[in-house]
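Written below as C-alpha cells is the structure these notes are about.
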Amino acid sequence: MIPEWIGAVAGVVAIVPLLAAGLARLRRGPDLPAEPGGERYDLFLSYVDADAAAARRLARRLLTAHGLTVFFAEWSVGPGIVELIAKGEAIEGAAHGALLFSRNSVGDAELMDAYAALLTQVYNGSAGRFVPVRLDDAELPPFAEIRRPIDLRRGYDAEVAKLAAAVAQKR
C-alpha cells in the first residue's frame, strides 16, 4: 500500500518549478525575452531614462493588449549583458523600431544614435518601419517628422492601436 502523504509530496514537487518560473517572470516584467542574442522582436523601443515610465507603459500595452514582442531595455537586458551591445543586436534583429521623442530626449546622444541606426536599417531594407512616438510638444528631427508620428497626447489607446497595427504588418 502507498501512504497517503506520497500524493501530497508529489503535488508539491510538481508545483514548485511552476511557482519558481512565475516568480522569475514577475521579477523581470511581462513575458519579454530576458536575454538578447538571436531573439526576434516585433519592435525595438528606444527612449531616454527620464521617459522610462512612459516607455514601460507603452511596452506593456503593446505586449498585453496586442501580443507584440518588444525590446524594452529594462526587461530585455539581463545581468551580465552589455546594454549597448544588446541594443545594437536588437535593432538589427527587430522587425520595426520606435523612438519616444520628448523634451527629455532632445539632444540625447544615445537616442540619436538609435535614431540613426533605425533609419539606416529601414533604408537598407533590413527593417520594416521606423515609427516616431511623440510624448509632448518637443520638436522632432526632420526624418522623424515626415514619418507620420504616433502622438500619445491624442487619445492614448487609439494611438497605441495605430502603432500596433503598423508593427503587426509584414515588412
Side-chain angles (χ1 to χ4, degrees), residues 28-49 51-78 81-102 104-171:
R28 76 168 193 262
D31 271 338
L32 295 174
E35 294 186 22
E39 295 292 345
R40 182 77 176 149
Y41 298 95
D42 295 316
L43 182 70
F44 173 86
L45 182 61
S46 187
Y47 57 94
V48 296
D49 288 341
D51 294 331
R56 185 180 310 108
R57 179 180 179 206
L58 178 58
R60 277 190 197 280
R61 180 67 59 90
L62 290 169
L63 172 72
T64 58
H66 301 282
L68 299 173
T69 57
V70 179
F71 179 90
F72 175 61
E74 185 177 293
W75 297 327
S76 303
V77 180
I81 303 297
V82 178
E83 187 170 334
L84 192 58
I85 293 172
K87 286 179 177 179
E89 290 174 352
I91 287 172
E92 288 179 2
H96 306 280
L99 268 72
L100 297 186
F101 287 99
S102 72
N104 298 321
S105 65
V106 172
D108 183 83
E110 190 175 332
L111 189 89
M112 290 297 105
D113 285 347
Y115 171 62
L118 288 169
L119 284 175
T120 300
Q121 293 290 98
V122 169
Y123 288 133
N124 73 18
S126 58
R129 294 182 187 214
F130 160 60
V131 184
V133 179
R134 189 185 288 267
L135 296 178
D136 58 29
D137 61 353
E139 187 174 334
L140 297 181
F143 290 109
E145 184 68 48
I146 64 172
R147 294 187 164 274
R148 300 192 60 207
I150 297 295
D151 191 337
L152 296 180
R153 301 170 299 169
R154 291 186 297 200
Y156 191 85
D157 291 333
E159 291 294 298
V160 171
K162 282 177 21 183
L163 175 58
V167 169
Q169 291 179 2
K170 300 232 184 249
R171 287 190 197 185

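What you see is a predicted model, and the numbers here were worked out from it, not measured in a lab.
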Not counting sequence neighbours, which residues clear side-chain contact (heavy atoms from CB on, under 4.5 Å) with Asn124? List them please. Thr120, Gln121, Ser126

With sequence neighbours excluded, residues passing salt bridge (charged side-chain N to carboxylate O under 4.0 Å, His left out) with Asp113: none

How would you list, by chain and number, every residue that makes a salt bridge (charged side-chain N to carboxylate O under 4.0 Å, His left out) with Arg147, sequence neighbours excluded? none

Contact check, side chains of Ser76 and Tyr41, non-hydrogen atoms, under 4.5 Å: yes

So does Glu145 pair up with Arg134, basic N to acidic O under 4.0 Å? yes

Would you say Val133 and Leu163 make side-chain contact, with heavy atoms under 4.5 Å? yes

salt_bridge(Glu159, Arg153) N-O dist < 4.0 Å: no

With sequence neighbours left out, the residues meeting side-chain contact (heavy atoms from CB on, under 4.5 Å) with Ala138 are Arg103, Val106, Asp136

Leu84: which residues meet the side-chain contact (heavy atoms from CB on, under 4.5 Å) condition with it, sequence neighbours left out? none

Minimum heavy-atom separation for His96 and Gln169, please, with both atom names. NE2-O, 3.3 Å

Distance-minimising heavy-atom pair for Leu45 and Ala55: CD2-O, 3.6 Å

Identify the heavy atoms of Leu100 and Leu111 that sit nearest to each other, and give their distance. O-CD2, 4.0 Å

Minimum-distance pair of heavy atoms, taken over all atoms of Ala73 and Lys87: CB-CE, 3.9 Å

By the ring-ring contact (aromatic ring centres under 6.0 Å, His included) test, which pairs, at least two apart or in different chains, include something from residues 113-134? Tyr115-Phe130

Could you go through the side-chain contact (heavy atoms from CB on, under 4.5 Å) check for Glu92 and Phe44 one step at a time? CA-CA 9 Å; Glu92 288 179 2; Phe44 173 86; over 6 Å; no

Those residues that, when tested against Arg148, pass salt bridge (charged side-chain N to carboxylate O under 4.0 Å, His left out) (two or more places apart): none

Asp42: what forms a side-chain contact (heavy atoms from CB on, under 4.5 Å) with it, not counting sequence neighbours? Leu68, Thr69, Val167

All side chain to side chain donor-acceptor pair (under 3.5 Å) counterparts of Arg57, not counting sequence neighbours: none

Partner residues of Asp108 under the side chain to side chain donor-acceptor pair (under 3.5 Å) criterion, sequence neighbours left out: none

Considering non-hydrogen atoms only, spot the tightest contact between Pro141 and Met112 and give its length. CG-CE, 4.2 Å

Here the ring-ring contact (aromatic ring centres under 6.0 Å, His included) pairs for residues 136-158, sequence neighbours left out, are none

If every non-hydrogen atom of Arg154 is compared with every non-hydrogen atom of Pro149, which pair is closest and at what distance? NH2-O, 3.8 Å

